[in-house]
Amino acid sequence: MSQAALPILSVFPSRALVDEKFKVLVENLPPGCPVTIHSLHHSEDQDYWEAYGHYISDDRGKVSVSDDLSFGGTYTGKEPMGLLWSMRPVLGSRKGLRLRKMNVCTPMLMDISVYSRHDGFRDQAPLASVLIERWYMAPGVRRIDIRERGVRGTLFIPPGPGPFPGLLDMWGGGGGLLEYRSALLASHGYVSLALEYFSPGQLQTADLEFNYFETAFNIVKDHPQVMPHRVGIFGLSLGSIVTMALAVESRIVRPRCCVCISGNHCFPPGRTLAGITGEVDMNYDKVRVDENNYHIWRDVGLAIMKEPSSKLDMGKINCPILLVNGHDDQNWPTVESAEDIAEMMRAAGKEHLLTRLEYPDTGHLIEPPFSPHFRATNFIVNLTKEKVIMLWGGQTKPHSDAQEDSWRRILTFLQQHLYCSPSPKARL
Amino acid sequence: MDRKQCCVKLSVQPSRGLMDEKFIVLVQNVWPGFQLTVHALHQCEDGHSWEAFGHYAADATGTVNVSEDPSLGGTYSGVEPMGLLWSLRPVPGSKPGLRMRKMNVQTPMEVTISVYQGHQTEGFVDQVPLAGVLVERWYMAPGVRRIPITEGGLTATLFLPPGPGPFPGLLDLWGGGGKLVEYRASLLASHGIASLALDYLTPKITIETRKMVGIEYFETAYRVLQQHPQVFSSRIAMLGLSFGTSITLKMAAYSEVVKLRCAVCVSGSHVQPVDGSVEQILGYFHKNSGKTRFSDENEAIWRDLLLPIPTDSSLKVDVGRLQCPLLLVVGEDDQNWPAYESAMDMKEMMERAGNSHLLTILSYPNAGHLIEPPYTPHARSSFFRTVNAREKMMALWGGETVAHSRAQEDAWRKTLVFLRENLF
């Protein structure tokens, strides 16, 4: 017994940003030994999320998650980050859960453990376990509550003297104030304002003049550490609609570039944001449900798109725009919308400003990489105030690949348009 | 060039790392061939500021990668991925004789890494850098538990790795300056070893009774570790530096209670009165203090106190009795202890006794006495007071910064390998 080797588990880095990769290594196992590597996270909402992969040690008693194949579990194949993106609520959890970090000043803690065996691995204590931290905020990023000129949000400022490019960051129809993407963008060198524009379920009654968003944009632009001509807009879902509307319709703001995830261009000109929901309300009968009673809204969007006056004239856009969409988006026909946008821009000679990324088997909620995929989650419908489960779409593996790929391309796009290049880069 | 027009991008990966992990410092988006200075600034716990810097020229893509590109000058030169840390030195105007040691291991060491235009050597604090980031360097990995230990009259801190265990254990001893120094033990726990940092020269019991501890103190520490439910009782090591080596060798060779799986002795010697108590051993060194020499800068050189290595066997630990693997780490420029000479004598003793297969010696030219975990500044001399001395003196530790820093990196890596081989 005292001669048996003790397994050694290590994860590098043990403290990382949420979009950084890690290496998980197990050593000192017997050769050819079946083990299961497991991740566990206790969320702010008190739910447990887990993922695991079944591995077999090599002839030197090693398992390297980055290099070896998982033979089963919540992910298979060579998946360096599978222990994170394939996480799902443990058996017996509540339904329709979504994992979102609300307090970005603390890290997400995950237990990574190695167990003996594949089947029934949970029956015994793990051989070894380590704790890792995943952060949305890099050291030195500053978080500032914004309550000014009627605008509510949180501003994140990178460390250093600046000045920095800026971003206005908007989420979608679920409402509330989500800070994590802005915190992450600040960790990449952008002053980013996470904007709250209505409370969950309150879209109808939210007092949302177009001007609210223009003021928010200017708060970023006017900040002493922001370069006023290098402010972009980042939106997802409903936030994308606002983004496009600002780029096309606003006479006050001029974004340097726009990123629109899972968005569409259905924003009747001249009307307020709450007016958008009027369009949805009128077509609410087109909402379908699947065999699980999950809400599918994409046909509502298709109906709205048939109405030319419901759409923004994307030919009027004057800045680079990146559209990121999933082919399996069950919430909104975002790919069809992107097609239509492309045609409008082509007709206006603006096609060179458009970049489209469209991913197979990818759903609506395209988030920063390595976060779990949510195919359907709880949602409060603004019109009826009912709690439903909304089908967002996507299959876990392709959706996670899309999150990883799109984030990398989004950061490159932002770097290209918001951080200047001092000279043409030599290409080898 | 208008600074506002060119947004330099600076990144350090990882931005939160352990103290013994490497990082990659990348500067991007400058003009090709652009001259810049990468600067590190740290304010340590006692309020002193330390800085380091390297001069670089960007390549054709407008990038500087500190891990791959040579520094053309500064506090370090050449390709030195970690030069910004190990070449840190007190800023101009600081007090002499400073040594950087983190006493609170529960918070990280924070270093500000900045990029300045041109090749600068001074006045950094008066300028605005082109970019700056904050880097955290931790002595504790996430999940490591810090447990103060007072049972059995000990003054100690136990660091337990995360996980169910059981873990191999280690007793961690520093040297003649006393105090409870935790950072090496917490770092070892971050590598999976349950480590007990032990204060044996200035523990509460000595402060209160004015008596130095006896051998039983160390045996108690060993037992506390051994009996801990999460420690593997048959896999306990001991690691000592300087005077800590004297204790470690004594325990390893003579204790009936302490059964070590392996031992690591850094910058120490086996020379001591064999049956002496801690107090008597210190007394033996003190008796020879007339052999103290002084450098041109009036720094005390204490290496001669134990020279020549005695032939009298009652004055050296009989390392021929050792039954566990022993790793000796010595700096050939150690001005404080004759560690190299002692290592050679120990080797000879073990060859004669037939147990030299247990011995590994790591001997580093131009390294000094304070061979510590890597990437912290090298102190060639500093103010120091041994526990039984009345005043602080400038002690000469020795070592030349570049060689010493390389030695620290190499020795730490090999120490971890040695511990892994023998404990896991």
Side-chain angles (χ1 to χ4, degrees), chain A residues 1-17 20 22 27-28 107 109-114 124-135 137-141 158-165 187-189 227 229-230 415 418-423 425-428, chain B residues 1 3-18 21 23 28-32 34 59-63 108 110-115 128-136 138 141-144 161-168 190-192 232-235 261 420 423-424:
Chain A
M1 211 28 225
S2 88
Q3 296 317 307
L6 300 177
I8 301 171
L9 171 65
S10 59
V11 180
F12 178 80
S14 52
R15 294 180 172 93
L17 290 180
E20 285 169 0
F22 59 23
E27 295 169 286
N28 245 25
L109 297 176
M110 260 114 185
D111 289 296
I112 308 288
S113 308
V114 57
Q124 296 176 313
L127 301 173
S129 184
V130 295
L131 187 69
I132 63 169
E133 296 178 357
R134 307 284 295 173
W135 290 81
M137 269 171 81
V141 167
F164 308 102
S187 303
H188 284 281
M227 289 183 284
H229 302 298
R230 292 177 187 272
Q415 167 133 348
L418 297 179
Y419 270 94
C420 64
S421 302
S423 64
K425 288 185 168 33
R427 299 240 175 264
L428 290 169
Chain B
M1 181 190 57
R3 191 175 59 77
K4 275 190 181 289
Q5 294 308 307
C6 183
C7 338
V8 177
K9 284 220 83 191
L10 171 63
S11 68
V12 179
Q13 293 267 36
S15 51
R16 295 179 173 94
L18 289 180
E21 284 170 358
F23 58 25
Q28 294 170 297
N29 240 31
V30 295
W31 300 94
F34 183 66
D59 66 13
T61 68
T63 300
E110 290 187 342
V111 183
T112 302
I113 308 278
S114 310
V115 181
V128 179
L130 297 174
V133 294
L134 190 66
V135 175
E136 292 178 2
W138 288 82
V144 167
F167 312 105
S190 304
H191 287 280
F232 218 120
S233 57
S234 61
R235 297 178 193 230
R261 187 88 160 193
R420 174 181 283 209
L423 295 177
F424 283 89

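All chains are named by letter (A, B, ...) in the order of the sequence lines, taking the proteins before the strands, and each is independently numbered beginning at 1.
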Visitor: Would B/Q28 and B/L10 count as a side chain to side chain contact (heavy atoms under 4.5 Å, CB included) here? Give the steps.
Guide: CA-CA 6 Å; B/Q28 294 170 297; B/L10 171 63; over 6 Å; no
Visitor: A/P165, A/A138, A/P139, A/G140: which one forms the most heavy-atom pairs within less than 4.5 Å of chain B?
Guide: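 Ranked by contacts with chain B, first place is A/P139.
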Visitor: Looking at residues at least two apart in the chain, or sitting in another chain, which of them share a salt bridge (charged side-chain N to carboxylate O under 4.0 Å, His left out) with A/E133?
Guide: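 Once residues adjacent in sequence are excluded, the partners of A/E133 under the salt bridge (charged side-chain N to carboxylate O under 4.0 Å, His left out) criterion are A/R15.
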Visitor: Between B/G132, B/G163, B/P161, which residue shows the highest count of heavy-atom pairs closer than 4.5 Å to chain A?
Guide: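 Highest number of heavy-atom pairs under 4.5 Å: B/G132.
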Visitor: If I measure from the heavy atoms of chain A, does B/P108 come under 4.5 Å with its side chain, its backbone, both, or neither?
Guide: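 Neither the backbone nor the side chain of B/P108 comes within 4.5 Å of chain A.
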Visitor: What residue, out of B/S15, B/P14, B/G62, has the most heavy-atom pairs lying under 4.5 Å from chain A?
Guide: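 The answer is B/S15.
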Visitor: Using the rule given for side chain to side chain contact (heavy atoms under 4.5 Å, CB included), can you reason through A/L131 versus A/M110, listing the C-alpha separation, both sets of side-chain angles and the distance that settles it, and then say yes or no?
Guide: CA-CA 6 Å; A/L131 187 69; A/M110 260 114 185; 5.9 Å; no
Visitor: In chain order, what residues pass the salt bridge (charged side-chain N to carboxylate O under 4.0 Å, His left out) check against A/R134, with sequence neighbours excluded?
Guide: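 Testing A/R134 for salt bridge (charged side-chain N to carboxylate O under 4.0 Å, His left out), a comparison that skips the adjacent residues, returns none.
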Visitor: Please look at A/L109 and chain B and tell me whether the side chain, the backbone, both or neither of the residue comes under 4.5 angstrom of a heavy atom of that chain.
Guide: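 Contact with chain B involves no heavy atom of A/L109 at all.
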Visitor: If we ignore hydrogens and angles and just use 3.5 Å, is the side chain of B/N29 paired with the main-chain N or O of B/K9 as donor and acceptor?
Guide: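 Flag not set: sc B/N29 to bb B/K9 has no pair under 3.5 Å.
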Visitor: When you look at B/E21 and B/F23, which way does the side chain to side chain contact (heavy atoms under 4.5 Å, CB included) test go after all the steps?
Guide: CA-CA 7 Å; B/E21 284 170 358; B/F23 58 25; over 6 Å; no
Visitor: Checking heavy atoms, do the side chain of A/P13, its backbone, both or neither come under 4.5 Å from chain B?
Guide: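 For A/P13, side-chain heavy atoms alone lie under 4.5 Å from chain B.
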Visitor: Check the pair B/T61 / B/D59 against side chain to side chain donor-acceptor pair (under 3.5 Å), numbers first and verdict last.
Guide: CA-CA 5 Å; B/T61 68; B/D59 66 13; 2.8 Å; yes
Visitor: Select one option (side chain, backbone, both, neither) describing which atoms of B/L18 are under 4.5 Å from chain A's heavy atoms.
Guide: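 The side chain, not the backbone.
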Visitor: Using non-hydrogen atoms only, which part of A/A16 is less than 4.5 Å away from chain B: side chain, backbone, both, or neither?
Guide: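 Contact with chain B: none, neither part.
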Visitor: In terms of heavy-atom proximity below 4.5 Å to chain B, should A/F164 be classed as side chain, backbone, both, or neither?
Guide: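 The answer is neither part of A/F164.
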Visitor: Do you know the tightest heavy-atom contact between A/L6 and B/L423?
Guide: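 It is CD1-O, 3.9 Å.
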Visitor: Picking from A/G160, A/S129, A/S187, which has the most non-hydrogen pairs under 4.5 angstrom with chain B?
Guide: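 Among A/G160, A/S129, A/S187, the one with the most close pairs to chain B is A/S129.
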Visitor: Heavy-atom cut-off 4.5 Å, strictly under: side chain, backbone, both or neither for B/E110 against chain A?
Guide: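 For B/E110, neither part sits under 4.5 Å from chain A.
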